[in-house]
Each structure stands twice: as structure tokens, then as C-alpha cells.
A.B. asks: 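The structure follows.
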Amino acid sequence: MDISTIIVASVLGTLAALLSMGLTLFLCYLYWKKLGPQKTARDELEPLQFGKVQPIEQNDEIKELTRHNVEDRVQQGPLRLISPLVGPVQTQLVSVTEDNKENCGATMQGPISFLQYLLPSAEQQEEAADIASAMNEPEEPAGYIQFSLEYNFPNSTLILKILQARHLPAKDIIGTSDPYVRVFLLPDKKHKLETKVKHRTLNPRWNETFYFEGFPLYKLQRSILYFHVFDYDRFSRDDPIGDVYVPLSQVDLTQKPIFWKSIKPAEDSKLGEILVTLLYVPRTSELTLTLVKARNLKSKDINGSSDPYVKVWLHRGDKRVEKKKTQVHRRTLNPAFNSTFQFIVPWEHIRETFLSVAVMDFDTVGRNELIGKVILSSRSGPTESKHWCDMLTKARTAVSQWHRLKTL
């Protein structure tokens, strides 16, 4: 083979290689040009496809949940423990976007410790606090109730005998009440037991026995005996008189104990308060009483309001000496009286003198109704006698104090 033939074959091979490379590059260009729009369309549709999780970027829209938020969400949803018994709990940062907050609130649960799981909820803690407060001895009880307890060990039965009550407040216009007692064994509030109604008495005697069957001793140790005393009304809602809480964990049921318990006044039975100012000047024998205002008075009218005014009597021993009264304030439970009355009381008679302050509801038709009363003297209730003594020890100085109205 001569040289010319070799040269021609090399040139042809080189041209074939170049042609093949150019064709390959051209095909790659066509493929890239065709693939570009498809990739753009797929990127635009990808966020709409289910099962795709988009990464969350750390921008200004992302807000980290605080510890307070996590605890609130834990109380709202089911509890989830994260390795409480295996090792220490690792605190994780939980963040959501503003758009996903609503959805995440129903499903996201923050990590909590095993001790938090054992603690009672906020509602249970609030209820326990209310019961603990109610078990304190009231300063001014709404009477007293007597009952006895006995436990039948073979039959797992608690035997309660409600005997009597004394010095209950009057709830009726005639100055008496129609009391009865409703009993629960907390925390069970569904099953209640009731005594009979004793009509027109403030010192009822029931002598009724009640049985709580199927209560093992360990279960009773976690229960609270609850008495709720009512005044029966034939034509309207029964008026609550007060209640008593008795934790059975503090009772020795083997001794068949008998109790006298103070009745704590019911919240619904509160009559309101009145702000009073007293001033006494021994040199002139002037006793000045200023009725400033009242608040949260009990409504006496059908429209849920009252027409209050105040009637004041100056007493010396058993004798009524002088009477004063304010103007009527229409349709209000928080009247501002701003009325001042002066009485002449010599120093030698101050010990036997007292003021009767009665808040009344004015009725155009019929008899005016008593809302509540306060007796101011050195021998009345704790708050009233303190106010009276402060007036005497701080002569020529006005002394103001709020007083809770009572049904005396």
C-alpha cells in the first residue's frame, strides 16, 4: 500500500470521527432543549403533589413555639411521652409557619416529662383548690349541722345519719326557712340523696339514715362527703343556704363518730356589701354615720334588679331612739347613697348604743322587702365590732369599712 492511500484513509477516518462527534453534540442539544420545559413544568406542579414534603426555611414567617405554648398544647391534646424511663428527655425546638398553625395545633404535641404526666390537669387543680377553700371554717357560718358516720366492714357500706341543724338563716319573708339537705359522695356528682323538707323552722330535726353501698375502705379514703343545705320554695327556685365538705381520709370510721360542722354560706346566698363611715366626737357627743355606697346587692324584682334605700335606727339598749333613711335609688344593684346622718350620743351611753343599718328594696305595690342588715356596736359581729371600736379609739377621725349584709 502506497503512502497516498494511507493519507486518504486517515483523512476520511478523521472526517468520520468529527462528523460522529458533531452529530452526538447536536442530539444532546436537542435532548436538553426538549427536557428543559418538562423540568420547569414538573417543578411548578411538584408542591401540589401529595406525599411530597417541602423543606421549611428559616425566615421571618417562622415562629418558634415557646415553652408556654407547648404546655398549653399538651393540655389540649393526648399526652405523648418521649423516652421518660430510658434516658433524659431531649428538648426539641418546634416551629411552624403562620399558615400551618391551625393544622398543627390539633396534631403537634410537645415533649413532656414523666412527672408532668403524673400531675393533675389545670381544671383538676382549680377544683381541688375550690374544695380546699370551702373546707376552711367560715368566719360567719350559716348555721350548724349535726350528723354521724358508721362503716359496715363486711358489706363495704358507709352509713350516714343526718340528725339536725341549728341557727339556719331565714330565707322566707315570715322570718323562717323550709330546709332540706342534699348529700353527695365526691367525686361522684351524679348520685344524690336528699332529706325531707322541714317547714317553717331554723332548727330542723331530720334523724334520717342514708346508705352508700359497695364502697371499699380504700375508695372511701379518697372520697369527700358533701352536704348542700337548701331552703325549699314551692313556686320558685330553691335558695341555697350553704354547704359542708368532710374529707373521709380524716375520719376514723371505726369509732362511729358524731360531728357538729359549721355551714359555709353559699355563694348564691350573698346579699351584697355596704361601705360605711363612722365618726365620733366625745366633746360634742356627735355620732356621724355616712352611708357611702353598696355593691352586688341581691335582686328582689322580677327584672333582676332592685330599688334600694337604707333605713337606720339608733338603739339605746332595747329602745329605738331615732330613725333616718336615704332616698330610693331606682333599678340598681350598686347604688351610691352618699348620705350623712348625725346623732347625739353622750359618752356615758355609748356602750349601750348601737346602729341598725338595713338595706331595703322599695316596692310601689306591697310591702318593702329587706335585702340585708348590719348591726354596728361593740358587741356585734367581728368586723362590725372592730369598726365600732376603731371609731372610739380614733376619736374625731372618720373610719370607713365595707360590711357584708346579713339576714338578722
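Predicted, not measured: the structure shown is a model, and the values here were computed from it. For the single chain, residues carry numbers from 1 onward in sequence order.
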A.B. asks: Do other residues, nucleotides or ligands put more than 12 heavy atoms under 6.0 Å from the NZ atom of Lys324?
C.D. replies: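 More than 12 heavy atoms, drawn from other residues, nucleotides or ligands, come within 6.0 Å of this atom.
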
A.B. asks: For the residue pair Phe230 and His228, categorise the inter-ring angle as parallel (less than 30°), tilted (30 to 60°) or perpendicular (more than 60°).
C.D. replies: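 Rings of Phe230 and His228: tilted, 30 to 60°.
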
A.B. asks: Where does the angle between the aromatic ring planes of Tyr151 and Phe153 fall among parallel (under 30°), tilted (30 to 60°) and perpendicular (over 60°)?
C.D. replies: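 Geometry flag for Phe153 against Tyr151: perpendicular rings.
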
A.B. asks: List in chain and number order the residues that pass side chain to side chain contact (heavy atoms under 4.5 Å, CB included) with Asn203, two or more places apart in sequence or in another chain; answer none if no residue qualifies.
C.D. replies: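 Arg166, His167, Thr201.
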
A.B. asks: I'd like to know whether the aromatic ring centres of Phe337 and His329 sit less than 6.0 Å apart in this structure.
C.D. replies: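 Under 6.0 Å, so yes.
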
A.B. asks: Do Ser299 and Ser305 have side-chain heavy atoms sitting under 4.5 Å apart?
C.D. replies: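 Result no, sub-4.5 Å side-chain heavy-atom pair not found.
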
A.B. asks: Please name all residues satisfying side chain to side chain contact (heavy atoms under 4.5 Å, CB included) with Ile258, sequence neighbours left out, ordered by chain then number.
C.D. replies: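 Result, side chain to side chain contact (heavy atoms under 4.5 Å, CB included) vs Ile258: Gln146, Ser148, Leu163.
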
A.B. asks: Apply the test salt bridge (charged side-chain N to carboxylate O under 4.0 Å, His left out) to residues Asp363 and Arg367: give CA-CA distance (whole Å), side-chain angles for both, the deciding distance (0.1 Å), then the verdict.
C.D. replies: CA-CA 6 Å; Asp363 287 329; Arg367 183 181 179 183; over 6 Å; no

A.B. asks: Is there a side-chain contact between Leu333 and Asn296 (heavy atoms, below 4.5 Å)?
C.D. replies: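 Not touching, per the 4.5 Å side-chain cut-off.
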
A.B. asks: Take atom CZ of Arg396 as the centre, draw a 6.0 Å sphere, and report whether it contains more than 12 heavy atoms from other residues, nucleotides or ligands.
C.D. replies: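 No, because the 6.0 Å sphere around CZ of Arg396 holds 12 heavy atoms or fewer from other groups.
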
A.B. asks: Does a sphere of radius 6.0 Å around CZ in Arg316 hold more than 12 heavy atoms from other residues, nucleotides or ligands, not counting ones at 6.0 Å or beyond?
C.D. replies: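 Result for CZ/Arg316: enclosed.
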
A.B. asks: Please check if the number of heavy atoms outside Gln221 that lie under 6.0 Å from its CD is greater than 12.
C.D. replies: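 Yes - once you tally the heavy atoms of other residues, nucleotides and ligands closer than 6.0 Å, there are more than 12.
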
A.B. asks: State the OG-NE2 distance between Ser377 and His387, to the nearest 0.5 angstrom.
C.D. replies: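 It is 12.5 Å, given to the nearest 0.5 Å.
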
A.B. asks: Using the ring of Trp347 (Phe, Tyr or Trp, six-membered ring only), decide whether Arg283 places NZ or CZ under 6.0 Å from its centre and within 45 degrees of its axis.
C.D. replies: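 No, Arg283 does not sit over the ring of Trp347.
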
A.B. asks: Without hydrogens or angle criteria, can the side chains of Asp231 and Tyr180 be said to hold a donor-acceptor pair below 3.5 Å?
C.D. replies: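 Their side chains do not contain a donor-acceptor pair, so the 3.5 Å distance test is not met.
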
A.B. asks: Side chains of Phe343 and Val321, heavy atoms from C-beta outward: is any pair under 4.5 Å?
C.D. replies: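 No, too far: nothing below the 4.5 Å cut-off.
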
A.B. asks: I'd like to check Trp388 versus Leu355 (side-chain heavy atoms, cut-off strictly below 4.5 Å). Are they in contact?
C.D. replies: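 In contact.
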
A.B. asks: Before we go on, tell me: are the rings of Phe147 and Phe227 under 6.0 Å apart, centre to centre?
C.D. replies: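 Close enough - the centres of the two rings lie under 6.0 Å apart.
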
A.B. asks: Could you tell me whether the side chains of Thr340 and Thr290 share a donor-acceptor contact shorter than 3.5 Å?
C.D. replies: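 Side-chain D/A pair, Thr340 to Thr290: present.
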
A.B. asks: Is any side-chain heavy atom of Val244 closer than 4.5 Å to one of Tyr226?
C.D. replies: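 No, side chains not in contact.
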
A.B. asks: Would you say His349 and Glu352 are linked by a side-chain donor-acceptor pair, where the criterion is simply a distance under 3.5 Å?
C.D. replies: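 Side chains of Glu352 and His349: pair found under 3.5 Å.
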
